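Keep in mind it's a predicted model, so treat the numbers as computed, not measured.
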Amino acid sequence: MSETKETVLEQEEQIVEAGVHNFSKEDEWIKPEDPLLNERLEWFKDQKLGLMMHWGPYSQLGLVESWALSDEDGDWSRDDIDWTDDMEDFKREYFDLNKTFNPIRFQPEEWAQMAADNGFKYFLFTTKHHDGFCMWDTKTTDYRITGKDTPFHTHKYADICRALFDAFRAKGLGISAYFSKADWHTPYYWAPGMERGRHMWRGPSYDPHKYPWLWEKFVEFTHEQIMELLTNYGRIECLWLDAGWVREGRHGQDIRLGEVVERARQTTQPWLLSADRTVGGPYENIVTPEQTIPEHPMNIPWESCITVGNSFAFGFDDQYKTGRQLAHILLEVVSKGGNLALNVGPQPDGRLPKGAIRGIKGLGEWLGTHGEGIYGTRICGPYFTKDWAFTQKEEINTVYAFRLYRNENETVHPQLVIPYLEKVERIELVGSDDVLSYQQTGDGLLVDMPQSAATSEAPITHTFRLVTSA
């Protein structure tokens with residue numbers, strides 16, 4: 001590899017490490033000029049909880065999605081490839097997974113009902129990951145869910161994106177469309193016989209500066225795919241763009257994203273938000289931490305994408321988080337000003353894993369009582385202290401204080417000090433009719449807990465409604 005390519009690869013490693021993306025800084029965020037987009041960003045900040053799904057033919061192997069195709073990422077992404085040492089054979093086998101992908105137990109209406117019943121407000125779905133397999137009826141490639149080589153193409157739900165977007169939209173959820181700007185299947189990006197030979201990385205197999213005609217074909221291909229999704233698949237709230245290394249100034253990989261986003265806004269989706277993740281600039285309307293929560297609150301639109309299990313794609317032996325764990329993750333995210341995109345990887349047969357459903361239902365049950373302190377709130381000091389999380393609704397002079405219990409064996413004390421130092425007029429316990437007696441102290445609000453709070457097992461939280469002065 002040449003010195004130039006080594007430098008570029010080092011740059012890419014700053015963007016993605018072991019498949020996890022860094023996220024842009026708060027002070028670099030650019031507020032849109034369009035009042036409609038700012039209105040939609042306030043809508044987004046109200047939603048708090050989205051259901052994210054990574055799904056495709058790769059679910060049949062139970063491997064991380066796409067990444068094992070990249071030789072440069074093999075050191076971390078190929079741990080579970082135990083049937084061959086020939087990575088060229090593996091690539092052929094991976095790309096042929098469309099020929100056996102037949103999720104006949106897929107029930108989009110049930111997925112949408114489960115999401116609506118458990119407090120999700122929007123749906124973020126992988127229309128195409130880096131491997132290039134399209135989960136919608138694209139006209140740009142035969143490598144798609146409705147292609148003749150894919151056995152599912154005759155099913156009534158063959159156009160998976162349409163089935164899901166329609167089902168979730170019918171339940172009142174907004175739609176966010178994940179789209180990878182890279183495409184490791186099309187010869188316009190990983191072109192055969194180029195200077196890299198067979199040793200692939202996450203970037204193109206050629207230098208776009210040397211082959212501008214080939215890069216232009218890739219740009220046209222990408223624009224056509226994006227416009228299909230934004231023209232033929234109903235209202236879409238956000239175009240959520242992955243593969244942050246595909247960008248202007250990165251090895252010539254300018255796909256002229258602004259051109260296609262503005263075309264969509266002018267013709268079909270004037271409200272469209274764009275999440276050009278890790279790139280910054282005017283088309284990263286939403287900042288997207290991955291598998292992490294920022295250390296400090298951020299007063300910009302942001303969304304942590306975190307998995308219910310250990311990985312984004314389905315894994316046969318995955319371990320799933322409990323409702324308590326998910327509620328606490330949501331509380332840390334929301335109290336720091338963000339949304340949580342909670343990811344589930346569907347099974348290859350078209351079902352959602354039972355372990356994931358258990359955790360989601362536990363979260364939904366908690367939200368059924370405590371959600372008033374989640375949805376439509378904004379940040380409020382002291383934000384998050386590990387034991388406490390705070391949110392507020394300024395329009396009704398209300399602050400919500402959540403006492404987090406890490407497990408059911410934690411002691412519930414007859415008195416609690418809420419570390420909130422501002423004056424309040426009344427304290428109520430959410431989920432009950434109790435108005436609590438309290439004293440203002442130098443450490444906060446000393447609250448007497450009602451008898452009803454003395455339970456044998458600690459709840460996920462006790463949630464206090466602090467009514468403040470007008």
Side-chain angles (χ1 to χ4, degrees), residues 50-59 65 97-98 101-116 120-129 131-180 183 185 221-242 260-261 263-265 267-275 313-314 341 343-352:
L51 181 63
M52 185 180 198
M53 287 186 178
H54 279 67
W55 195 30
Y58 48 81
S59 61
E65 65 291 337
L97 287 171
N98 66 311
F101 188 46
N102 196 22
I104 59 173
R105 301 179 79 173
F106 174 46
Q107 295 178 293
E109 290 85 0
E110 288 201 7
W111 291 11
Q113 188 65 59
M114 183 209 66
F120 291 89
K121 301 301 181 183
Y122 61 98
F123 179 56
L124 171 53
F125 186 69
T126 47
T127 66
K128 183 186 77 167
H129 207 261
D131 60 14
F133 186 80
C134 297
M135 297 288 276
W136 80 96
D137 186 26
T138 181
K139 302 300 185 287
T140 62
T141 176
D142 288 333
Y143 199 57
R144 65 183 192 268
I145 190 66
T146 55
K148 58 180 174 50
D149 289 339
T150 304
F152 196 64
H153 81 274
T154 60
H155 196 277
K156 64 179 179 179
Y157 295 136
D159 190 341
I160 283 179
C161 281
R162 184 176 305 284
L164 285 172
F165 289 176
D166 287 351
F168 277 79
R169 202 180 286 116
K171 295 298 180 183
L173 279 76
I175 303 300
S176 187
Y178 172 114
F179 180 89
S180 172
D183 190 311
H185 185 267
F221 170 83
T222 303
H223 284 204
E224 187 174 353
Q225 287 194 334
I226 290 174
M227 287 306 298
E228 281 182 340
L229 289 166
L230 297 179
T231 303
N232 302 330
Y233 286 82
R235 179 174 177 130
I236 292 176
E237 306 296 343
C238 180
L239 178 64
W240 204 95
L241 296 150
D242 206 355
V260 70
V261 170
R263 188 194 317 166
R265 285 173 176 169
T267 59
T268 60
Q269 315 261 2
W271 49 76
L272 181 71
L273 300 174
S274 171
F314 171 73
N343 184 91
V344 178
Q347 297 177 178
D349 64 359
R351 292 179 297 163
L352 299 181

Next item on the list: Begin from the C-alpha positions of F106 and L164 and carry the test side chain to side chain contact (heavy atoms under 4.5 Å, CB included) through to its verdict.
Entry: CA-CA 10 Å; F106 174 46; L164 285 172; 3.7 Å; yes

Margin query: Between D142 and D149, is the side chain to side chain contact (heavy atoms under 4.5 Å, CB included) condition met? List the steps.
Written below: CA-CA 8 Å; D142 288 333; D149 289 339; 6.0 Å; no

Notebook entry, point to check: Would M227 and V260 count as a side chain to side chain contact (heavy atoms under 4.5 Å, CB included) if you check the C-alpha gap in whole Å, the side-chain angles of each, and the deciding distance to 0.1 Å?
Noted result: CA-CA 7 Å; M227 287 306 298; V260 70; 3.8 Å; yes

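The backbone N or O of N232 sits less than 3.5 Å from a side-chain atom of R162, completing a donor-acceptor pair. Between the side chain of W240 and the backbone N or O of S180, no donor-acceptor pair lies under 3.5 Å. Looking only at distances, a side-chain donor or acceptor of S59 sits under 3.5 Å from a matching main-chain atom of G56. No donor-acceptor pair closer than 3.5 Å links the side chain of W271 to the backbone N or O of R265. In terms of modelled atom types and a separation under 3.5 Å, the side chain of R351 and the main chain of R105 share no donor-acceptor contact. Judged purely by atom type and a 3.5 angstrom limit, T268 uses its side chain to pair as donor or acceptor with the backbone of L230. Listed for the H153 side chain is a donor-acceptor partner under 3.5 Å among the backbone atoms of T150. Judged purely by atom type and a 3.5 angstrom limit, T126 uses its side chain to pair as donor or acceptor with the backbone of M53.
Interatomic distance, I145 CD1 to T138 OG1, rounded to the nearest 0.5 Å: 13.0 Å. Distance check, rounded to the nearest 0.5 Å: CD of E228 to CG of D137 gives 8.0 Å. Summarising the geometry, atom CG belonging to N343 is positioned 8.0 Å from atom CG belonging to L51; distances are rounded to the nearest 0.5 Å. The CD1 atom of I160 lies 12.0 Å from the SG atom of C134; values are rounded to the nearest 0.5 Å. For the atom pair CD of E237 and CZ of R169, the computed distance is 8.5 Å after rounding to the nearest 0.5 Å. How far CZ of F179 is from CG of L229: 7.0 Å, rounded to the nearest 0.5 Å.
Side-chain polar atoms of W111 and E109 form no donor-acceptor pair below 3.5 angstrom. Checked by atom type, the side-chain pair D242/Y178 shows a donor-acceptor distance below 3.5 Å.
For the pair G350 and W55, the tightest heavy-atom approach, listed with the atom from each and the gap, is CA-CZ2, 3.7 Å. For the residue pair G345 and F314, the shortest heavy atom distance occurs at O-CB, 3.5 Å. Considering all non-hydrogen atoms of both residues, G234 and Q269 come closest at O-NE2, 2.9 Å. When every heavy atom of P348 is checked against every heavy atom of F101, the shortest pair comes out as O-CE1, 3.9 Å. Closest non-hydrogen pair, T127 versus C161, comes out as CG2-SG, 3.8 Å. Looking at every heavy atom in both residues, F133 comes nearest to P57 through CD2-CD, 3.3 Å.
A salt bridge links K128 with D183: the distance from a Lys NZ or Arg NE/NH1/NH2 to an Asp or Glu carboxylate oxygen falls below 4.0 Å.
D349 is not listed as a side-chain neighbour of P103, based on a closest heavy-atom distance of 4.5 Å or more. Side chains of Q225 and W136 form a contact here, defined as non-hydrogen atoms less than 4.5 Å apart.
Remark: F168 pairs with F123 by the ring-ring contact (aromatic ring centres under 6.0 Å, His included) rule, at least two apart or across chains.
Between H185 and Y143, the ring planes are parallel. Angles under 30° get that label, and only those over 60° would be called perpendicular.
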